[in-house]
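It should be emphasised that the depicted structure is a prediction, and the values quoted were computed from it without experimental measurement.
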Amino acid sequence: MKKVINFNDVILITYKRLHKAPVKLSYDSECNELTITANVSFSKSLLRGYENFVAKAIREKMGPSKPEEKTFADVAEEGIIYNWGGTYDMTPWDGPKELHVKVIINRQDRGDVPKGQRCFRIQRVYGNGTSFVTSPPWRWLWGIITGNKECFFTLNWHPYYPGTISMNKYRSKRWFQSTVSHEFGHVLGLGDAYDAFYRFYYEAPGTQRYMMNFNNTVAPEEIMMAMRAHKLRKMQYFPCVFNWNHVWTNIKRSIFNNH
């Protein structure tokens, strides 16, 4: 992916009204640490026990887990912290070789959220096999008027209105966590990278293992895009190219389920 902006251009992130930003990014130059603080309100259905998830920890650093001790919210929180936290090499953007990213989740149900602080919501979706992020309906039209990307006509992102995550009830703990981490990427201000119909079936080159493509691993570029989104207060998109022949081929594939 082409470098679009230097690391030093995006590290100084400010919010005019801190309490209105559900998710905030802050950088400490002394220890090269980026802190992502997310204030979350989980729906009641996600505060119930997470049955049928894999009892064995999916990653060594997470330690042992017991099904009866976890709720959907607990599992989602674990996944977001693990997948987005870590150490990233930012040298392609003239940044440090080791940028440490720490994720802090403040939950309304636990009483972690400071008084007056706006939260974003994670809720259960019913009757739908997919998970997604949407803005309040009153922001949809505004996004079209202001020329927002056609890829996300229902998600007009802004640091003060990052969107609501609607999660499907996946039986696999690993898939549930990777999916909620992908959706959290949208809340951070990132678009998709895979070949969806709203991207004209165009997969961004070199993103096969990115979180915003196959729900795999957060790449340094995705951290950079999140910082840029919050710095510029504008959602960041992967390149998207229209090719009618490619679009038509994939439409026919979808119609006939010939995957």
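- Counting heavy atoms from C-beta on, the side chains of Ser135 and Leu155 come closer than 4.5 Å.
- Residues satisfying the ring-ring contact (aromatic ring centres under 6.0 Å, His included) criterion with Phe214, sequence neighbours excluded, are absent altogether.
- Ile104 belongs to no hydrophobic cluster, as no Ile, Leu, Val, Met, Phe, Trp or Tyr side chain comes under 4.5 Å of its own.
- Every pair tested for ring-ring contact (aromatic ring centres under 6.0 Å, His included) that includes a residue from residues 96-119 fails, sequence neighbours excluded, so the list is empty.
- Within the structure, salt bridge (Lys or Arg N to Asp or Glu O under 4.0 Å) contacts touching residues 115-134 (residues at least two apart or in different chains) do not occur.
- With sequence neighbours excluded, the residues forming a salt bridge (charged side-chain N to carboxylate O under 4.0 Å, His left out) with Glu77 are Arg107, Arg110, listed by chain and number.
- The hydrophobic cluster containing Phe132, built from Ile/Leu/Val/Met/Phe/Trp/Tyr side-chain heavy atoms closer than 4.5 Å, also comprises Val125.
- Sequence neighbours left out, the pairs with a member in residues 23-44 that pass salt bridge (Lys or Arg N to Asp or Glu O under 4.0 Å) are Glu33-Lys102.
- Screening residues 175-190 for salt bridge (Lys or Arg N to Asp or Glu O under 4.0 Å) gives no qualifying pairs among residues at least two apart or on separate chains.
- Every residue two or more places apart in sequence or in another chain that forms a side-chain contact (heavy atoms from CB on, under 4.5 Å) with Asn8 is listed here: Ile11.
- With Glu222 contributing its side chain and Met211 its backbone, the two residues share a donor-acceptor pair below 3.5 Å.
- Legend: residues meeting ring-ring contact (aromatic ring centres under 6.0 Å, His included) with Tyr88, ordered by chain and number and at least two apart, are absent.
- Taking the side-chain contact (heavy atoms from CB on, under 4.5 Å) definition, one finds that Asn213 meets it with Ala193, Tyr194, Glu203, Thr207, Tyr210, sequence neighbours left out.
- Between the side chains of Gln108 and Ser41, at least one donor N or O lies within less than 3.5 Å of an accepting N or O.
- Not counting sequence neighbours, the partners of Lys97 by the salt bridge (charged side-chain N to carboxylate O under 4.0 Å, His left out) test are Asp89.
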